[in-house]
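See structure below.
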Amino acid sequence: MNVFLMYPTKDFTVQDISPNESALIQDLELSALWNAMAAGDQFVWTISRQVTLSPLVDLDVILYRQDILNDCVNQESVVRDIYAIAATAIEREKKNYLGLFSSYPSAILQRSVDVMQMFVETLEQLKHIAQTHAHQFVSSGFSRFFTMLINELGEEYLDQVKSHLRELKFRKGVWISAALGPGNKATRFRLHRTSQTKKSPWIARIMTKTPRFYTYTIADRDDTGARALAELRDRGIYQVANVLAQSTDHVLNFFTLLKTELAFYMGCLTLHKVLAQKEEPLCFPVPAATTERLLSVEGLYDVCLSLRQVPRVVGNTVKADGKDMVIITPRNQGGKSTFLRSIGLAQLMMQCGMFVPAESFQANICNGLFTHFKREEDVTMNSGKLDEELHRMSEIVDQLKANSLVLFNESFAATNEREGSEIARQIVSALVEKHVQVFFVTHLYELAAGLYQQQRENFLFLQPQRLSDGERTFKLEEGKPLQTSFGEDLYHRIFGAV
């Protein structure tokens, strides 16, 4: 049985984690996102981390997950019940522990029978949910999952499994045949069914001629004889014990996959609930192919910032279709870095098949997301700050592909403005030439003004909105780069008007 709730044609496996995962975690503050999704559940936290750090580039798979997540949101209680059933089955299997007897076929068989009986009961619970609620789900993933449960767990099949399990308890003893091999050693052990005679009337059993057989009774205190008999029994049931153990492993693998794949959606549901309680907007994004240049957002906000603050976070509306580079320029504490993080977080969430923190969001898929944010001074003094920035940039370049996305935040400002502007200009110009999309937050006026003078249609320039009275709205708007960051506003805010 397959699950197929993360991919349409294969089970979920951990894909290649983003090579710059440590930078993404630090710069986008991803731990806050995972903590909110997990709500204390370490398993959900781990799966959420694996999924978000393995963004998809296949448009069809992204839409496939979106449909499944939409079903989860609309049928939350049913999906949580399925997850709980899978988790409970796994926990119950763990409690049925073999311990010191793990190498004995009789112990393996007894455990396998007990576990399989529990699994059958659990599968019947899943089948009942499928029969009761399948019509409420519209995604192809859940529809196929429920159809699989109903078709493969028919009443006749389950009854047959239960019958086999009853037989394997050997309440009437074990019937084994063997042959004598070299040295009069027993060989060619074969287990026979003991329940076949139950179907015959008692009179038929009496009248039927049976072959003559001999009996041997072991004395009560004959420990050696008892061990020898137990060894014969184990050799007789070895094959069936091995087959049933493999069957239980197969069913356990199904429950493990089900729990693993649903764990991601459980995290999404928990996050959705937290943000909905804050009345923050959420939407399913509209992804486009990597070769397109689309970015059209309304009310986009930094979800991690929202999770840390009680009031709602200010969202931004940006139209950047056809833009290869977006430059965001001065004004301290105007929301520039927050907007940059919101872009990165929304891009990751979209490419995982999640909803995004916005009123609407349309963007192209990127072949890789990279961040280059400013860092604190190297406390080991092994290198200067600029050297460290250039080293990180070199590592990013080694991993870049066409149609990747790079987010720069106050990069290359560790030297004087002229030198920093020239370094940044050469780097971003080369990236755009290689079809890499760039978002750049900077206080380097020479960089921004020089790029603005080029009057290129694929460049967009944004700056934090500032009202006539100096009030900051924390929203971005299109505008020509300014030479001031309005430090005077901070002075008056701290020391008051002079």
Nearest heavy atoms of G299 and T317, plus distance in Å: N-OG1, 3.4 Å
H372 and F412 aromatic centres sub-6.0 Å: yes
E446 backbone acceptor or donor facing E417 side chain under 3.5 Å: yes
Side-chain donor-acceptor contact under 3.5 Å, H391 with E395: yes
Salt bridge flag under 4.0 Å for residues E389 and K385: no
Short side-chain to backbone donor-acceptor contact, K127 and L153, under 3.5 Å: yes
L307 to A32 - nearest heavy-atom pair and separation: CD1-O, 3.7 Å
N/O donor-acceptor pair under 3.5 Å between N253 side chain and D249 backbone: no
Side-chain (S394) to main-chain (L390) donor-acceptor, under 3.5 angstrom: no
Close side-chain approach of N20 and Q399, heavy atoms under 4.5 Å: yes
Minimum side-chain heavy-atom gap H443-E410 below 4.5 Å: yes
Expected output: side-chain E298 to main-chain N316 donor-acceptor under 3.5 Å: no
Minimum-distance pair of heavy atoms, taken over all atoms of A263 and V44: O-CG1, 3.6 Å
From CA spacing to verdict: ring pair (Phe, Tyr, Trp, His ring centres under 6.0 Å), F361, F284: CA-CA 8 Å; F361 187 93; F284 280 100; over 10 Å; no
Pairwise side-chain contact, I343 with L300, heavy-atom cut-off 4.5 Å (strictly under): yes
Student check: side-chain heavy atoms of V314 and Y301 closer than 4.5 Å: no
Charged N-O contact under 4.0 Å between E29 and R308: yes
Any donor-acceptor N/O pair, Q136 side chain to Q75 backbone, under 3.5 Å: no
From I90 atom CD1 to L258 atom CG, the distance as rounded to the nearest 0.5 Å: 8.0 Å
Salt bridge E21-R49, side-chain N to carboxylate O under 4.0 Å: yes
Pairing of E422 and R425 as salt bridge, 4.0 angstrom limit: yes
Salt bridge present between E91 and K95 (N-O < 4.0 angstrom): no
Worked verdict on V73 versus H272 for side-chain contact (heavy atoms from CB on, under 4.5 Å): CA-CA 8 Å; V73 173; H272 187 279; 4.0 Å; yes
Pairwise distance CZ(F142) to NE2(H133) - rounded to 0.5 angstrom: 12.0 Å
Smallest separation among heavy atoms of T329 and P481, with atom names: OG1-CA, 3.9 Å
Shortest non-hydrogen contact from N367 toward A402: ND2-O, 2.8 Å
Separation of K259 NZ from Y83 OH (nearest 0.5 Å): 5.0 Å
P8 backbone acceptor or donor facing D60 side chain under 3.5 Å: no
Side-chain heavy atoms of F119 within contact of L252, under 4.5 Å: yes
E279, CD atom: more than 12 neighbouring heavy atoms under 6.0 Å: no
Lys/Arg-Asp/Glu bridge criterion (N-O < 4.0 Å) met for R375, D27: yes
Exam field: side chain Y265 to backbone L5, donor-acceptor pair closer than 3.5 Å: yes
Worked verdict on V436 versus L405 for side-chain contact (heavy atoms from CB on, under 4.5 Å): CA-CA 6 Å; V436 174; L405 172 61; over 6 Å; no
Non-hydrogen atoms of I68 and G141 that approach each other most closely: CD1-CA, 3.9 Å
Residue of the set L345, T52, L369 for which side chain to side chain contact (heavy atoms under 4.5 Å, CB included) holds with L24: L369
D41 CG to I47 CD1 distance, which is reported to the nearest 0.5 Å: 10.0 Å
Ring centre gap for F137 and F146 strictly below 6.0 Å: yes
Expected output: side-chain K278 to main-chain S306 donor-acceptor under 3.5 Å: yes
F461 and I328, any side-chain heavy atoms less than 4.5 Å apart: no
Rounded distance [0.5 Å steps], CD in Q351 versus CZ in R65: 11.0 Å
cation_pi(K10, F4) dist<6.0 Å, angle<=45: no
F43 CZ: over 12 foreign heavy atoms closer than 6.0 Å: yes
V3 vs F12 side-chain heavy atoms within contact, under 4.5 Å: no
Check: L271 and M354 side chains under 4.5 Å, non-hydrogen atoms: yes
Euclidean distance, I327 CD1 relative to L462 CG, rounded to 0.5 Å: 9.5 Å
Stepwise side-chain contact (heavy atoms from CB on, under 4.5 Å) test for Q362 and V297: CA-CA 6 Å; Q362 181 178 14; V297 304; over 6 Å; no
Residues R80, L269; criterion side-chain contact (heavy atoms from CB on, under 4.5 Å); working and verdict: CA-CA 9 Å; R80 288 194 179 277; L269 288 176; 3.5 Å; yes
Donor-acceptor pair, side chain of N364 and main chain of L294, under 3.5 angstrom: yes
